[in-house]
Amino acid sequence: MKLDRLLLKQLRAATRSLWRAGPAAPGVAVQQAMKNAAAMQRAAQRQMRDFTPPPPAAPTPRERVPGSFVDGYHVNAAGRREYKLYVPASYTGAAAPLLVMLHGCTQDPEDFANGTQMNALAEEIGCLVLYPAQSQGANASRCWNWFNAVDQRRDEGEPSIIAGMTQAIMASHAVDPGQVYVAGLSAGGAMATIMGTLYPDLYAAVGVHSGLPFASADDLPSALAAMKGDFRRGQPAGQPLPIIVFHGDRDTTVHPANGEELVAQGARHLTGAGTAEPGRVPDGHAYTRTLYPAADGTLQAEHWLVHGAGHAWFGGNARGSYTDGKGPDASREMMRFFRTRR
């Protein structure tokens, strides 16, 4: 199991660190590390049993859209990551919005594009979509490393690579700098929060689907705890983050309390309570949509709690993994929210 190899890798790194720290009872320290690893392994196995993602339909062809879906890569001192960039056929060379989409664990850009159908939506509105790809060398399960301290700091680690990649696309294409957004699913949602928090000068708003708050963990054990709802409640510095959040109230992989905290942080400067609006998708999920407007009437935060739903992209297509076609349409609603930030 890929997660098993990741845990073993983390354990080996922790053990080497303990030995380097000095001669003070290394045997006891290693025994304690083994005990912690066993506990983490059991917790991870329980989480994997709780949710088995629906397999994508076989085969999973590229989303049939008329634009170009091109490969590229970005490299800096922190490392190299591949990406795919969707340029819609409706792109004329005039300044266009740019959306950065961060996939979840075990996914890749093409899978994520197929599942979210974001390229088809981008074709409608003339938006460029950038899909950074996590490498298996950086994480065995291709999860973005949102729980590492170095990957929670500006101009370091994976945030520096994603921000650099974003800026490179802005330099090579006509992009409206006021309409650059970032969104993600699960681990990608947690990393999207990090990107929006660290780079408010680059990203105008953030979309988080089934993700976690900023700096909610700083290592693997605290990451597993955060996914269960026992996360660190820090107050990010700087301006509150314009954010739209989707979470299922039956999500057993990432506890729904994470979504509530994300919205609370994004709307922390507002004095009024949010306005809840119940709704239901025809032949689909019921949901509660809560709006948090700023004093000027623009939406600062928006929370979609989808009832009876688990850990999957709502309104997605089964040609991609981790999707739930019963709605609501998370992709379309995110784009609608982003465009209110113009």
Thr340 side chain reached by Thr298 side chain, heavy atoms, under 4.5 Å: no
Separation between CG of Asp108 and NE2 of His103, rounded to the nearest 0.5 Å: 7.0 Å
Pro97 vs Ile125 side-chain heavy atoms within contact, under 4.5 Å: no
Val281 vs Lys326, side-chain contact (heavy atoms from CB on, under 4.5 Å): CA-CA, chis, key distance, verdict: CA-CA 7 Å; Val281 178; Lys326 294 182 178 180; over 6 Å; no
Note: Arg232-Glu261 ion pair, threshold 4.0 Å (strictly below): no
Trace of the side chain to side chain donor-acceptor pair (under 3.5 Å) decision for Asn317 with Thr323: CA-CA 6 Å; Asn317 191 298; Thr323 60; over 6 Å; no
Closest non-hydrogen atom pair between His209 and Ala330, with its separation: CD2-CB, 3.6 Å
Criterion salt bridge (charged side-chain N to carboxylate O under 4.0 Å, His left out) on Glu124 and Arg332, from CA distance to verdict: CA-CA 11 Å; Glu124 292 181 23; Arg332 188 171 294 278; 3.0 Å; yes
Leu130 vs Thr166 side-chain heavy atoms within contact, under 4.5 Å: yes
Transitive ILVMFWY side-chain link Leu212 to Phe231, under 4.5 Å: no
His285-Asp324 side chain donor-acceptor pair, cut-off 3.5 Å: yes
Tyr131 six-ring face occupied by Lys84 cation (under 6.0 Å, within 45°): no
Derivation and outcome, side-chain contact (heavy atoms from CB on, under 4.5 Å), residues Leu102 and Leu185: CA-CA 7 Å; Leu102 301 173; Leu185 169 66; over 6 Å; no
From CD1 (Ile243) to CG (Leu299), nearest 0.5 Å: 13.0 Å
Worked verdict on Val206 versus Tyr181 for side-chain contact (heavy atoms from CB on, under 4.5 Å): CA-CA 6 Å; Val206 177; Tyr181 315 105; over 6 Å; no
Spacing of CE belonging to Met334 relative to CG belonging to Leu121, to within rounding of 0.5 Å: 11.5 Å
Side chain to side chain donor-acceptor pair (under 3.5 Å), paired with Gln134, selected from Gln107, Glu158, Arg142: Glu158
Check: Gly266 main-chain N/O paired with Gln300 side-chain donor or acceptor under 3.5 Å: yes
Any side-chain donor near an acceptor of the partner, Thr275 and Tyr292, under 3.5 Å: no
Side chain to side chain, Met101 and Val182, heavy atoms closer than 4.5 Å: no
Check: Ser186/His311 side-chain N/O donor and acceptor closer than 3.5 Å: yes
Minimum side-chain heavy-atom gap Phe314-Asp329 below 4.5 Å: no
Ser90 backbone acceptor or donor facing Glu123 side chain under 3.5 Å: yes
Gap separating the CD atom of Gln152 from the CG atom of Asn145, nearest 0.5 angstrom: 10.5 Å
Plane angle bin for Tyr287 and Trp304 - parallel if under 30°, tilted between 30 and 60°, otherwise perpendicular: tilted
Co-membership, hydrophobic cluster, residues Val175 and Val70, 4.5 Å side-chain: yes
ILVMFWY cluster, Met118 and Phe337 together (side-chain gap under 4.5 Å): yes
Closest contact, heavy atoms only, Asn119 versus Ala113: ND2-CB, 3.8 Å
Polar side-chain atom of Thr197 near backbone of Thr193 as donor-acceptor pair, under 3.5 Å: yes
Donor on one side chain, acceptor on other, Ser321 and Asp111, under 3.5 Å: yes
Heavy-atom closest pair, residues Val180 and Leu202: CB-O, 3.4 Å
Centroid-centroid distance, Tyr83 to His74, less than 6.0 Å: no
Shortest non-hydrogen contact between Tyr203 and Ala163, atoms and distance: OH-CA, 3.8 Å
Neighbour count above 12 (heavy atom, 6.0 Å) for Asp283 CG: no
N/O donor-acceptor pair under 3.5 Å between Arg250 side chain and Ala309 backbone: no
Heavy-atom pair of closest approach, residues Tyr86 and Pro66: OH-N, 3.9 Å
Least distance between heavy atoms, Tyr199 atom then Asp155 atom: OH-N, 2.8 Å
pair Ile194-Trp144: side-chain heavy atoms closer than 4.5 Å: no
Val208 and Phe246: CA distance, side-chain angles, deciding distance, side-chain contact (heavy atoms from CB on, under 4.5 Å) verdict: CA-CA 6 Å; Val208 181; Phe246 286 82; over 6 Å; no
Within-4.5 Å side-chain heavy-atom neighbours: Glu302 and Thr290: no
ILVMFWY cluster, Met227 and Leu305 together (side-chain gap under 4.5 Å): no
Reported CH2-to-OG distance for the pair Trp313 and Ser210, which is rounded to 0.5 angstrom: 8.5 Å
Val100 with Leu85, same ILVMFWY side-chain cluster at under 4.5 Å: yes
Nearest-0.5 Å distance, NZ of residue Lys228 to CG of residue Leu224: 6.5 Å
Val306 side chain near His247 side chain, heavy-atom distance below 4.5 Å: no
Between Asn258 and Ser216: side-chain donor-acceptor atoms closer than 3.5 Å: no
